[in-house]
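The structure appears right after this line, and notes come after that.
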There are 2 protein chains.
Amino acid sequence: MTNLNKARTGPRQHEPRGWPEKRRAIAEAARRVFGRDGYTRASVDAIAAEAGVSKRTVYNHFADKEQLFLAVAIEGADEVTAAIAQIMDRHLRKIVDLEQDLIDFSLDRVAAVTAFPDHFALVRALEAEATHIPRPMLRAWIDAGPQTAHLRLAPYLRKIADRGLLRLDDADRAARHLTLLTIADINQQTFYGAVPLPQEEITDIVTAGVKAFLHIYR
Amino acid sequence: MTNLNKARTGPRQHEPRGWPEKRRAIAEAARRVFGRDGYTRASVDAIAAEAGVSKRTVYNHFADKEQLFLAVAIEGADEVTAAIAQIMDRHLRKIVDLEQDLIDFSLDRVAAVTAFPDHFALVRALEAEATHIPRPMLRAWIDAGPQTAHLRLAPYLRKIADRGLLRLDDADRAARHLTLLTIADINQQTFYGAVPLPQEEITDIVTAGVKAFLHIYR
DNA sequence: GAGCAACTACACCGCTCAGTGTAAATTCGA
DNA sequence: TCGAATTTACACTGAGCGGTGTAGTTGCTC
């Protein structure tokens, strides 16, 4: 048998139904279209066209529009979570100058919104759909997305506190306050990146937020 | 002429086109339906039925669906702004115990979200629609809604600082930080009131937020 | 080559919906 | 009562859309 193993993945491999590359294309297209148009306005036809697949194929991979939406939201949250974990590792694992490290961390975290515009556009769509989403699914979203940032940040802050650089008894709350004073402020003013804010203004807000945070916890 | 002046307002008075009571009914119904269903999913048919008017009448008063949406959003913001102004006056005009007054103010302000569920539901819809709204209209919204809270809160904080109870050089920033640490935290966790949070938890969060704020500015 | 799974390319169905037009009815002032 | 403005109650148009079915095509294994 001298057949080269084709790089192209197709049926017949021992995988779930459907070709993975098609599923990936659909998910990526869906993120873009849902992000751009919101849930209701986004059409499955448009997603199929964007993915370069037939609509029939979309329905072969996902039960319906809502399942597609939620799958894409949660997958996107996983990606963003991984990116933010790296940002945390880069800036918070080793503290040289606490204030500067927190500022750099927060600026990079703000920048993550720009790096994942589709995802955060989709976040806005999802929040608007909150009352139409079954509670367990909404819970799954919160756990996959917004909650993970705090769960990952708190241990870093606790370690920093253990080194005597911060005084805190509730690391979760401290993590929340840091995020509120920096990321949430920017996100509110930019509608999660939809409306640009000048970089100097972002830096000002983040710097003031970090100083305020340190005022509380140092 | 012994005709009593009828309380009923109808055509023929020297007013803008259309009966004001019809316009009011449409606006109120629109707020409810947009809030419940979001912009795209809300139908003009449903709004007309909810208002008890014909769809023809809706279009007699508002150019189209988008104009209706934005008019309702801005009118709602004016109402909420007035309510919050009262809350500020009640709690911040005279300071007895600064911490407690700030806590009470913030708790009442959180409660305002519950008092205006339709409006804040519509806020979620509007934020999701941010990229589809013409920039000038979005600006009008920001000025009518989110921005006014800060503009009204900052002078109170400045006065409190003048009495030596707070130390701050940037009252706008202080106002923003107070809102972030209290209202924004709750709103994020409840999706602007869509998902209930137990009252004790709300009180905890607000109390911790106010203490943090005072730690920064006192 | 045969058989099977997945995909493509349509067509279709039933429904919804923003916006418009029109005739009849209602309201109000002169 | 008349006339004008507004509203009501439909009907209509053209478009869109979630989801489904089906026949033909493609790719892979035996």
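Every chain is numbered from 1 and lettered A, B, ... according to where its sequence line falls, protein lines coming before strand lines.
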* To do: Figure out the CG/P separation between A:Asn60 and D:dT22, and round it to whole Å.
  => 14 Å
* Hey, does B:Ala48 reach any base, or is it just sugar-phosphate, or nothing, if we go heavy atoms under 4.0 Å? -> nothing
* **Positive for ring pair (Phe, Tyr, Trp, His ring centres under 6.0 Å) with B:Phe69, one of B:Trp141, B:Phe62, B:Tyr39** => B:Tyr39
* To do: Have a look at B:Ala63 and say if it touches a base, only the backbone sugar-phosphate, or nothing, with a 4.0 Å heavy-atom cut-off.
  => nothing
* Asked: In whole angstrom, what separates B:Ile47's CD1 from C:dC17's P?
  -> 11 Å
* Asked: Taking CD from B:Gln67 and P from C:dA18, how many angstroms apart are they, rounded to a whole number?
  -> 15 Å
* Establish, with yes or no, whether the OP1 or OP2 oxygen of C:dT8 is under 4.0 angstrom from a side-chain nitrogen or oxygen of A:Lys22. => yes
* Atom CG of B:Asp45 to atom P of C:dG19: distance rounded to whole Å? -> 11 Å
* To do: Find out whether B:Val195 and B:Gln189 are in side-chain contact, i.e. whether some heavy atom of one side chain is under 4.5 Å from a heavy atom of the other.
  => no
* Side-chain donor or acceptor of A:Lys65 under 3.5 Å from a matching atom on the base of D:dG19? -> no
* Does A:Ser54 have a side-chain nitrogen or oxygen under 4.0 Å from the phosphate oxygens OP1 or OP2 of C:dA9? -> no
* Asked: Which whole-number value in Å describes the distance from B:Glu21 CD to C:dT26 P?
  -> 16 Å
* Asked: Is B:Arg176 salt-bridged to B:Asp172, going by a charged N under 4.0 Å from an acidic O?
  -> no
* Are any of B:His61's side-chain N or O atoms less than 4.0 Å away from OP1 or OP2 of D:dT6? -> no
* Just compare C:dG21, C:dT8, C:dA18 and give me whichever is closest to any side-chain atom of B:Lys55. => C:dA18
* Asked: Is B:Thr179 close to B:Arg109 at the side-chain level, that is, under 4.5 Å between some pair of heavy atoms?
  -> yes
* Give one of base, sugar-phosphate or nothing for B:Ser43, where a contact means two heavy atoms less than 4.0 Å apart. => sugar-phosphate
* Spacing of A:Tyr59 atom OH relative to C:dT8 atom P, expressed in whole Å -> 15 Å
* Roughly, in whole Å, what's the span from CZ in B:Arg56 to P in C:dA24? -> 17 Å
* To do: Round to a whole Å and report the spacing from CZ of A:Arg41 to C1' of D:dC17.
  => 14 Å
* Asked: Given side chains that start at C-beta, do those of A:Thr81 and A:Arg152 come closer than 4.5 Å, heavy atoms only?
  -> yes
* Structure fact -> The nucleotide from D:dG21, D:dG18, D:dT8 with an atom nearest the side chain of B:Thr57 is D:dT8
* To do: Looking only at side-chain atoms of B:Val53, point me to the closest of D:dG21, D:dT8, C:dC7.
  => D:dT8
